[in-house]
Protein chains: 2
Amino acid sequence: METYRLLKIKLTPQRLAILNYLNGNKSHPSAETIYKAVSQQFPTMSFATVYNTLETLLNKGSIRELKIEAGKKRYDYDIKPHHHIICIECNKIVDLYKDYKIPLPEEITQEFELINKNIEFYGTCQNCKKNN
Amino acid sequence: METYRLLKIKLTPQRLAILNYLNGNKSHPSAETIYKAVSQQFPTMSFATVYNTLETLLNKGSIRELKIEAGKKRYDYDIKPHHHIICIECNKIVDLYKDYKIPLPEEITQEFELINKNIEFYGTCQNCKKNN
DNA sequence: CTATCTGCAAACGTTTTGCATCTGT
DNA sequence: ACAGATGCAAAACGTTTGCAGATAG
């Protein structure tokens with residue numbers, strides 16, 4: 001609650017519901033998932049409010065927009081730099097907090113100044129390996 | 001043309017136009033970009049045909065679906081494993097053919113069997129650095 | 001000849017927008 | 001009090017689908 005105040009945005013009940021849903025959430029939800037979850041407590045919640053809030057949080061740099069699902073945006077309230085490993089069978093996603101130093105070839109460093117990187121690992125999780 | 005035959009799909013003029021557009025293309029186009037390009041030579045081309053052809057090629061494993069743009073699918077006819085570096089200013093994308101060995105922590109290797117990985121590097125390109 | 005593809009149009013899923021009303025600060 | 005948020009509905013995108021007619025092999 002105190003940390004929410006640091007966002008310097010109007011803390012409406014709807015926004016608090018969204019923030020509380022996202023806080024500590026490791027599911028990397030889409031806008032629709034968020035909408036469905038917060039609608040339970042807030043029957044009048046609209047998509048516009050969800051998208052508007054996500055947009056505001058994005059601009060504040062307090063959430064990350066993920067591209068782990070083609071054609072659909074997903075969100076992560078955890079902005080600590082991290083990568084993801086995704087099960088190609090069940091789509092389970094696990095966070096990986098590790099800062100890798102990856103050397104770029106000279107052709108690239110000549111052309112680009114590196115700022116950031118994002119790694120997606122793909123594999124099969126224990127559960128799915130078992131069920132094969 | 002001979003390599004197209006290896007796909008074992010019906011080589012209609014529309015599909016050939018799409019394949020020719022994609023072949024050697026380094027722009028990682030979206031369906032719409034492809035549609036616009038091939039419509040020039042093929043005024044009756046429809047989106048259905050573009051999507052249908054992309055779907056067919058995906059199933060054959062001859063193209064890759066990219067998630068470099070949130071909320072929109074993009075495609076790459078180049079299936080040689082590679083990563084991308086993207087300019088955060090102008091969105092220029094450059095391919096990076098390098099196979100990195102990235103060690104995963106034990107918590108992860110216990111839970112996942114690694115199959116593949118994909119790295120997106122972000123930075124600013126020469127051009128955009130200059131214009132700042 | 002026939003299994004498959006094309007093109008149209010309609011439907012679908014996701015995201016954005018306009019606007020009148022409401023509310024946190 | 002008022003800048004800015006909400007909720008509704010419509011629109012704007014991107015993608016998928018059904019189907020009648022066309023065509024590659």
Side-chain angles (χ1 to χ4, degrees), chain A residues 1-22 28-60 62-76 91, chain B residues 1-21 28-60 62-75 91:
Chain A
M1 189 63 176
E2 286 316 305
T3 55
Y4 295 161
R5 241 179 261 292
L6 299 175
L7 295 170
K8 311 227 168 174
I9 60 171
K10 274 197 192 175
L11 291 179
T12 65
Q14 293 87 338
R15 285 179 168 185
L16 282 172
I18 293 171
L19 283 164
N20 283 328
Y21 175 73
L22 290 177
H28 313 85
S30 66
E32 190 180 16
T33 309
I34 298 167
Y35 169 73
K36 279 186 181 156
V38 292
S39 303
Q40 313 255 120
Q41 325 147 38
F42 251 95
T44 65
M45 172 75 60
S46 77
F47 265 107
T49 299
V50 172
Y51 278 110
N52 157 40
T53 300
L54 290 171
E55 183 64 21
T56 302
L57 294 174
L58 261 183
N59 287 135
K60 293 280 170 186
S62 337
I63 57 172
R64 224 175 103 187
E65 192 177 79
L66 303 180
K67 296 177 288 190
I68 42 185
E69 190 173 348
K72 197 177 197 169
K73 295 178 181 176
R74 295 181 60 170
Y75 299 90
D76 200 342
N91 296 311
Chain B
M1 190 62 177
E2 286 315 306
T3 55
Y4 295 162
R5 240 178 264 291
L6 299 175
L7 295 171
K8 309 228 169 176
I9 59 172
K10 275 198 192 175
L11 290 178
T12 65
Q14 292 88 338
R15 287 179 167 183
L16 282 172
I18 293 170
L19 283 163
N20 283 329
Y21 175 73
H28 314 83
S30 66
E32 189 178 17
T33 309
I34 298 168
Y35 169 74
K36 279 185 179 155
V38 293
S39 302
Q40 314 255 121
Q41 324 149 36
F42 252 96
T44 65
M45 173 76 58
S46 77
F47 264 106
T49 298
V50 172
Y51 279 109
N52 157 39
T53 301
L54 291 171
E55 182 64 20
T56 303
L57 294 174
L58 262 182
N59 288 141
K60 292 279 170 186
S62 338
I63 57 173
R64 223 175 104 186
E65 192 176 81
L66 303 180
K67 296 179 288 190
I68 42 185
E69 191 174 347
K72 198 176 195 170
K73 295 177 181 178
R74 295 182 59 170
Y75 299 90
N91 296 312

| task | Quickly work out the B:Tyr35 OH to D:dT16 C1' distance and round it to whole Å. | result | 16 Å
| said: Without decimals, in angstroms, what is the distance between A:Tyr4 OH and C:dT25 P? | reply: 14 Å
| query | Nearest of D:dG7, C:dT25, C:dT15 to any side-chain atom of A:Lys10? | reply | C:dT25
| request: Mind calculating the distance between CD (B:Glu32) and P (D:dT16) to the nearest angstrom? | output: 14 Å
| Could you state the CG-C1' distance from B:Leu66 to D:dT15, rounded to the nearest angstrom? | 17 Å
| task | Let me know the distance between NZ of A:Lys36 and C1' of C:dT14, rounded to the nearest Å. | result | 12 Å
| Which listed nucleotide (C:dT14, C:dT6, D:dT15) is nearest to the side chain of B:Thr49? | C:dT6
| When the distance from CE of B:Met45 to C1' of C:dC5 is rounded to whole Å, what number comes out? | 12 Å
| said: Can you tell me if B:Gln14 touches the phosphate of C:dG7, counting only side-chain N or O atoms and a distance under 4.0 Å to OP1 or OP2? | reply: yes
| said: Nearest heavy atom decides the nucleotide; on that basis, is B:Phe47 or A:Thr44 closer to the 5' end of DNA chain D? | reply: A:Thr44
| message | For a 4.5 angstrom cut-off between non-hydrogen side-chain atoms, does B:Leu58 reach B:Leu54? | response | no
| message | With a 4.5 Å cut-off on side-chain heavy atoms, are A:Ile9 and A:Leu11 touching? | response | yes
| task | Indicate, with a heavy-atom threshold strictly under 4.0 Å, whether B:Glu55 touches base, sugar-phosphate, or nothing. | result | nothing
| remark: Separation of D:dT23 atom C1' from B:Arg15 atom CZ, nearest Å, is 12 Å
| request: Respond yes when some side-chain nitrogen or oxygen of B:Thr12 is under 4.0 Å from OP1 or OP2 of C:dT6, and no when none is. | output: yes
| Any side-chain N or O of A:Ser46 less than 4.0 Å from the OP1 or OP2 oxygen of D:dC8? | no
| Does a donor on one side chain sit under 3.5 Å from an acceptor on the other, for A:Ser30 and A:Thr33? | yes
| task | Measure from CG on A:Leu16 to C1' on C:dT25 and round the result to the nearest Å. | result | 14 Å
| field | 5′-ward residue of the pair B:Asn52/A:Ala48 relative to DNA chain C | value | B:Asn52
| said: Does A:Lys72 contact C:dT14 through a side-chain donor or acceptor facing the base, at a distance under 3.5 Å? | reply: no
| Is A:Pro43 touching bases, backbone alone, or none of the nucleic acid, heavy atoms closer than 4.0 Å? | nothing
| message | Donor-acceptor check, side chain of A:Lys73 to backbone of B:Gly71, threshold 3.5 angstrom: yes or no? | response | no
| task | Give a yes/no on whether any side-chain N or O of A:Tyr51 is located under 4.0 angstrom from OP1 or OP2 of C:dT16. | result | no
| query | Does A:Thr53 reach the side chain of A:Leu57, with side-chain heavy atoms less than 4.5 Å apart? | reply | yes
